[in-house]
Amino acid sequence: MKRFSVEQIRSDFPILKTKMNGKPLIYLDNAATSQKPRQVIETLDNYYENYNANIHRGLYKIAERATEGYSGSKEKVAKFIGADSMREIIYVRNTTEAINTVAISWGDANVKKGDHILITEMEHHSNIVPWMRLAKKKGAVLDYIALDKNKCGLDAQSIGGMLDKRPKVVALTQVSNVLGSINDVKEVTRMAHKTGAVVLVDAAQSVPHMAVDVKQIGCDFLAFSAHKMLGPTGIGVLYGKEDALEDMEPLLSGGDMIKTVHYDSYTWNDLPWKFEAGTSNIADGIAFGTAIDYLNTVGMHNIRAHEKKITKYALDELDGLDGVTTYGYGAKDIEKRGGVIAFAIDGVHPHDVAQIFDSEGIAIRAGHHCAMPLVTERLKQVALSRLSFYLYNRESEVDSAIAAIRKVKKIFKV
Ligand code: PLP
């Protein structure tokens, strides 16, 4: 796209023309899932209407077309994140499944009793619980990199201190889904590799919103979900360095992931198919490729620039409201944060906030955001409300959100 135009982008998203509670829908829950452009929806329809067939098996035209579409989508993903080839791109259901695959498959073979596993205090449950289970199973120790004193980013000293324990694996998020903070995963990876650790990056909130290059980061594994980046639900990515994936056992076994099977033996298929047992999520995989095309056309740098602008505007507006607290870096540190703003209104439960927003046609998330330790133990809140932006959000929608907060304040006399 030569000139970034929110209005042109919005015209591609049918759902943005709908109403919620009689008001035009304002969708500010993009960290949970994104909306889908017409092009992605049409790709799904087109597959089912015109070339629905299983991949890798059929020796007929529509099966070949389906196989090409599915593999082609992986080629696009590989290029999008700077991977060497699609051999490094495993399709799974979502970020959660990608992280579990590493924690179970890689973890089982490499983590022993007494080993350390290192994550951070700002992780989503899907990057905590699989490691906790692994630690429990193996008798390993789960350590956390602490938040800095302002509870915005990671504490530099804590990173160094925890790495001194020589963890076997470091797993951290690139962008927090609560604080919006962007972690320097490149630097953490460099430091972790020096101590011999393997690094997994949870990129669920980064790959959809900014240019991410796995080679530049240098990480061993990276996980993200298509549904947060204009693609369908039910498809996600585990990127792994080829060597790491070659060494790993697949989680599931059965059809398609094998090359040969005899009554007494088997051999695995080549990467990436070794990790994809059974019939793949073909339609969603192909449509994911269309989502990548869409993001490339708009340009990831344009998307990041737009989100920075709208987030800064929202932070400035929120700053002027008495009784409202925002979390994470402020407007002046916009380079260090993504388009996620968690906030609290004095004495008002976030569920009440979300309900009033709903009555105004505004979709936001309220709760612990699947980051209970961070929200309840570090930020000391029972729950938080959250605005999260994407490429189709307008500044006028921020104004509507601010007006809804004023309404909450009036009702609850804050
Ligand atoms: N990690 C982060 C930082 C997230 O924000 C999310 C979802 O919100 C996930 C992991 C899990 O993603 P999924 O539910 O697609 O597996």
Side-chain angles (χ1 to χ4, degrees), residues 27-36 77 81 90-104 119-133 144-145 147 152-154 170-185 188 199-210 212 217 219 221-239 251 281 284-285 287-288 291 307 311 327-328 336-342 363-375 378-379 383-390:
Y27 188 75
L28 300 178
D29 194 17
N30 293 286
T33 198
S34 71
Q35 297 304 341
K36 323 299 171 199
V77 170
I81 61 165
I90 313 296
Y91 275 173
V92 288
R93 281 187 304 152
N94 45 39
T95 307
T96 306
E97 189 172 303
I99 298 172
N100 271 277
T101 301
V102 178
I104 297 170
I119 62 175
T120 85
E121 287 185 343
M122 63 166 81
E123 299 308 315
H124 186 281
H125 294 163
S126 60
N127 201 28
I128 302 175
V129 185
W131 303 112
M132 215 176 242
R133 288 181 74 190
Y144 294 85
I145 297 172
L147 295 186
C152 292
L154 297 175
V170 179
L172 81 164
T173 192
Q174 187 166 15
V175 176
S176 162
N177 66 314
V178 176
L179 301 170
S181 330
I182 302 174
N183 293 320
D184 188 349
V185 289
V188 175
V199 178
L200 176 142
V201 173
D202 174 350
Q205 299 294 347
S206 57
V207 165
H209 302 280
M210 58 188 69
V212 170
I217 297 170
C219 57
F221 300 105
L222 184 122
F224 56 102
S225 302
H227 70 91
K228 292 184 197 288
M229 49 191 293
L230 314 184
T233 49
I235 193 108
V237 176
L238 169 62
Y239 155 82
L251 201 58
N281 184 354
D284 294 325
F288 185 21
E307 287 183 19
T311 307
Y327 292 83
K336 295 186 189 170
R337 57 142 50 246
V340 167
I341 305 178
I364 63 163
R365 181 86 178 266
H368 50 62
H369 308 285
C370 292
M372 266 178 104
L374 171 64
V375 172
R378 282 294 166 271
L379 305 179
L384 288 170
S385 307
R386 182 182 69 186
L387 311 174
S388 54
F389 307 115
Y390 211 2

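When a ligand or atom number is given, it counts from 1 through the structure's own listing order. Start at 1 with the first residue, then count along the sequence. All values reported here derive from a predicted model rather than from experimental measurement. These numbers come from the heavy atoms of this one structure, side chains and all, not from hydrogens, waters or symmetry mates.
With values rounded to the nearest 0.5 angstrom, His227 atom NE2 is found 5.0 Å from Thr33 atom OG1. Taking CZ of Phe224 as the start and CG of Leu238 as the end, the distance is 9.5 Å to the nearest 0.5 Å.
Counting only heavy atoms of the protein, atom 7 (C) of ligand 1 lies nearest to Lys228 NZ, 2.7 Å. In terms of protein heavy-atom proximity, atom 4 (C) of ligand 1 is closest to His124 CD2, 3.3 Å. Looking only at heavy atoms of the protein, atom 16 (O) of ligand 1 is closest to Thr96 OG1, 2.5 Å. Among protein heavy atoms, the minimum distance from atom 5 (O) of ligand 1 is reached at Gln205 NE2, 2.7 Å. Given atom 3 (C) of ligand 1, the protein heavy atom at minimum distance is Asp202 OD2, 3.5 Å.
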Practice task
Before giving the answer on side-chain contact (heavy atoms from CB on, under 4.5 Å), spell out for Arg386 and Asp29 the whole-Å C-alpha distance, their side-chain angles and the decisive distance to 0.1 Å.
Solution key: CA-CA 8 Å; Arg386 182 182 69 186; Asp29 194 17; 3.5 Å; yes
Practice task
Using the side-chain contact (heavy atoms from CB on, under 4.5 Å) rule, take Met122 and Thr173 through it: C-alpha gap first, then chi angles, then the decisive distance, then the call.
Solution key: CA-CA 8 Å; Met122 63 166 81; Thr173 192; 4.2 Å; yes
Handout entry: Step-by-step side-chain contact (heavy atoms from CB on, under 4.5 Å) determination, Leu179 to Val340
Key = CA-CA 7 Å; Leu179 301 170; Val340 167; over 6 Å; no
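Under a 4.0 Å criterion applied to the non-hydrogen atoms of Ala31, ligand 1 contributes the atoms 8 (O). Every atom of ligand 1 with a heavy atom of Ser126 under 4.0 Å away is listed here by number and element: 1 (N), 9 (C), 10 (C), 11 (C). For ligand 1 and Asn177, the ligand atoms under 4.0 Å from any heavy atom of the residue are 5 (O).
By the 3.5 Å distance cut-off applied to N or O atoms, Thr173 is not counted among the residues near ligand 1.
For the pair Leu251 and Glu97, the minimum side-chain heavy-atom distance is 4.5 Å or more.
Between His227 and ligand 1 there is a heavy-atom distance shorter than 4.0 Å.
A donor atom on one side chain and an acceptor atom on the other are found under 3.5 Å apart for Ser225 and Thr95.
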